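To keep things clear, I will list the structure first and then write my remarks on it.
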Amino acid sequence: MRGSMGNDQADKKKFTWVIKNFSSLQSEKIYSDQFVIDGCRWRLLAFPKGNSIKSDHLSLYLEVAESESLPCGWRRHAQFFFTIVNHIPGKFSQRKETTHWFCEKVPDWGFTNMFPLNELKAKDSGFLVNGDLKIIVEIEVLEVIGLLNVSESMMDVNGFHVLPSQVKYVKSLFEIHPDIASKFRIKNQYLKTGYMNVLLSLIETVRRSPKEISKADLDDAYVALESLTDYGFKLDWLKKNLDQVSEKKEKEEAGETRRKEIEEELKDLKLKCSGLETHLEKVKRKCSDLEGQLLEQKAEVLAAIAPLSSSDDGVFDDFF
């Protein structure tokens, strides 16, 4: 593997990857060294020549390192930013951002079309310095379900141990709903942390657009809500929100079904109208032909009944 890697000491949320001799790389894909942010172990994956889907772009992804060693059902919700650094003053670096739930089925996420290779390798583009490419990733871990790769000092918020990245959100949660855990019965700190993560995940689900939530997601959300309530969380406000999301989802599905029905009806009517229009054109042409024949016939009839003119040669000779 080629590349020089290192953590940006000024910001523990960042990792810098310098890929040596980028233009001359022959490898189909390359990985960065592993690094740790928010107690989670990560690494970057790049396709220097583009992957099989988009071969004219640099493809860049963030991957959960050593995911096979994590417990079944692990999930990580993270927001991350990729920056391809431009070293020429006044020129813009290329930056893209996304949010993703990493899991066993999808342990990596990113951009297939991160940046066009022809622009990246262009002379004086500013992206390559002595053939080296500098990439920076910034990661904000929003939620972790399952064990961390690396033990990290957890912080206490109202008796719950949470990640430093979760502190602000959990504090806000207790400020808005101060009695949310007043009757929570579990004392084991590991279980408390686990249930808090389930609660945060449930809140995140409710905040999503109904279009992004499946019926299975809603069913799972109600199961999680019931479990949390059984152990003492006061979540009437969350159930109300979940019911609203469920109602919106039903309306969205009903509306989508009706939309498809209307589209099919409209398609059939347009098809029938098209047939009628074709038939109407034929009728119009037939009418036009008949009108033409009628005019000719009228002309012939008028010619037949017209009186003879005295100027016609020899018509009246026999009478004189």
Side-chain angles (χ1 to χ4, degrees), residues 7-8 10-15 34-42 62-67 70-81 97-104 106-107 109 137-208 212-213 217 220-221 223-225 227-229 231-235 237-239 241-242 245:
N7 280 308
D8 188 336
D11 191 342
K12 293 182 180 180
K13 302 286 187 181
K14 292 183 180 180
F15 175 79
Q34 296 182 14
F35 57 95
V36 176
I37 291 179
D38 282 338
C40 301
R41 197 180 299 279
W42 310 91
L62 175 65
E63 179 181 274
V64 175
E66 301 178 3
S67 60
L70 294 172
C72 181
W74 69 268
R75 297 179 72 196
R76 290 175 184 172
H77 192 203
Q79 179 183 34
F80 57 98
F81 304 80
E97 173 269 337
T98 188
T99 302
H100 179 63
W101 270 104
F102 295 86
C103 61
E104 294 174 79
V106 189
W109 196 255
V137 61
E138 303 168 58
I139 305 174
E140 182 70 32
V141 177
L142 305 174
E143 185 176 347
V144 175
I145 297 177
L147 298 176
L148 297 170
N149 293 102
V150 180
S151 60
E152 181 183 13
S153 58
M154 306 290 278
M155 300 186 70
D156 186 281
V157 179
N158 286 51
F160 289 86
H161 290 179
V162 298
L163 291 170
S165 59
Q166 297 173 319
V167 169
K168 182 177 179 180
Y169 186 75
V170 176
K171 281 185 175 180
S172 175
L173 183 61
F174 276 101
E175 288 173 0
I176 298 172
H177 306 284
D179 62 343
I180 186 174
S182 59
K183 295 185 179 181
F184 190 69
R185 300 191 303 271
I186 293 178
K187 304 302 180 183
N188 183 284
Q189 195 55 244
Y190 290 105
L191 291 177
K192 290 180 70 174
T193 298
Y195 275 102
M196 177 55 71
N197 282 330
V198 172
L199 175 57
L200 295 178
S201 178
L202 180 56
I203 293 173
E204 182 63 28
T205 298
V206 173
R207 292 172 61 186
R208 289 161 58 191
E212 299 174 347
I213 303 175
D217 290 335
D220 290 343
V223 171
L225 179 66
S227 177
L228 291 169
T229 303
Y231 280 102
F233 276 112
K234 287 188 174 183
L235 301 174
W237 55 275
L238 187 56
K239 184 180 185 306
N241 290 336
L242 184 57
V245 172

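Predicted, not measured: the structure shown is a model, and the values here were computed from it.
Lys14 is not listed as a side-chain neighbour of Val137, based on a closest heavy-atom distance of 4.5 Å or more. Between Gln34 and Trp42, the closest side-chain pair of non-hydrogen atoms is not below 4.5 Å. Under the 4.5 Å side-chain criterion, counting only non-hydrogen atoms from C-beta, Arg76 is not in contact with Trp101. Counting only heavy atoms from C-beta outward, the side chains of Cys40 and Val64 never approach each other to under 4.5 Å. In this structure, the side chains of Phe15 and Ile139 stay at 4.5 Å or more apart for every pair of heavy atoms. A heavy-atom distance below 4.5 Å is found between the side chains of Leu200 and Met196.
Not one N or O on the side chain of Lys192 forms a donor-acceptor pair closer than 3.5 Å with the backbone of Ile186. Formation of a donor-acceptor pair under 3.5 Å by the Thr193 side chain with backbone atoms of His161 is found in this model. Without hydrogens or angle criteria, Asp179 side chain to Ser182 main chain gives no donor-acceptor distance under 3.5 Å.
Asp38 and Glu140 get closest at one heavy-atom pair: OD2-C, 4.3 Å. Shown here for Ala181 and Phe233, the closest heavy-atom pair between the two residues is CB-CE2, 3.9 Å. When all heavy atoms of Leu62 and Phe102 are compared, the pair lying nearest together is O-CE2, 3.4 Å. Considering all non-hydrogen atoms of both residues, Asp217 and Ile213 come closest at CB-CG2, 3.4 Å. The heavy-atom pair separating Arg185 from Gly232 by the smallest distance is NH1-N, 4.0 Å. Looking at every heavy atom in both residues, Val245 comes nearest to Val206 through CG2-O, 3.4 Å.
Within a 6.0 Å radius of CH2 in Trp109, no more than 12 heavy atoms belonging to other residues, nucleotides or ligands are found.
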>> Pair Val170, Asn158 - check side chain to side chain contact (heavy atoms under 4.5 Å, CB included), show working.
In response: CA-CA 9 Å; Val170 176; Asn158 286 51; over 6 Å; no

> So Leu225 and Lys239, side chain to side chain contact (heavy atoms under 4.5 Å, CB included) or not? Walk me through it.
Replying inline: CA-CA 7 Å; Leu225 179 66; Lys239 184 180 185 306; 3.6 Å; yes

>> Test side chain to side chain contact (heavy atoms under 4.5 Å, CB included) on His100 and Val106; report intermediate values, then the result.
In response: CA-CA 9 Å; His100 179 63; Val106 189; 3.5 Å; yes

>> Before you tell me yes or no, could you show the steps for Val157 and Leu173 under side chain to side chain contact (heavy atoms under 4.5 Å, CB included), namely the whole-Å CA-CA distance, both residues' side-chain angles and the distance that decides it to 0.1 Å?
In response: CA-CA 10 Å; Val157 179; Leu173 183 61; over 6 Å; no

>> Assess the residue pair Phe184 and Phe160 against the criterion (ring-ring contact (aromatic ring centres under 6.0 Å, His included)); give the C-alpha distance rounded to whole Å, side-chain angles, the decisive distance to 0.1 Å, and a yes or no.
In response: CA-CA 11 Å; Phe184 190 69; Phe160 289 86; 5.6 Å; yes

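Atom CG of residue Leu199 and atom OG of residue Ser227 lie 11.0 Å apart, to the nearest 0.5 angstrom. The structure places CG of Leu142 at 6.5 Å from OG1 of Thr99, a figure rounded to the nearest 0.5 Å. Rounded to the nearest 0.5 angstrom, Asp220 CG and Thr205 OG1 are separated by 8.5 Å. Atoms OG and NE2, from Ser201 and His77 in turn, are 9.0 Å apart once rounded to the nearest 0.5 Å. Atom-to-atom distance recorded for Thr98:OG1 and Phe80:CZ is 5.5 Å, nearest 0.5 angstrom. For the atom pair Phe174 CZ and Ile180 CD1, the distance stands at 6.0 Å (nearest 0.5 Å).
Inspection of the Glu143 and Gln166 side chains reveals no N or O donor paired with an N or O acceptor under 3.5 Å.
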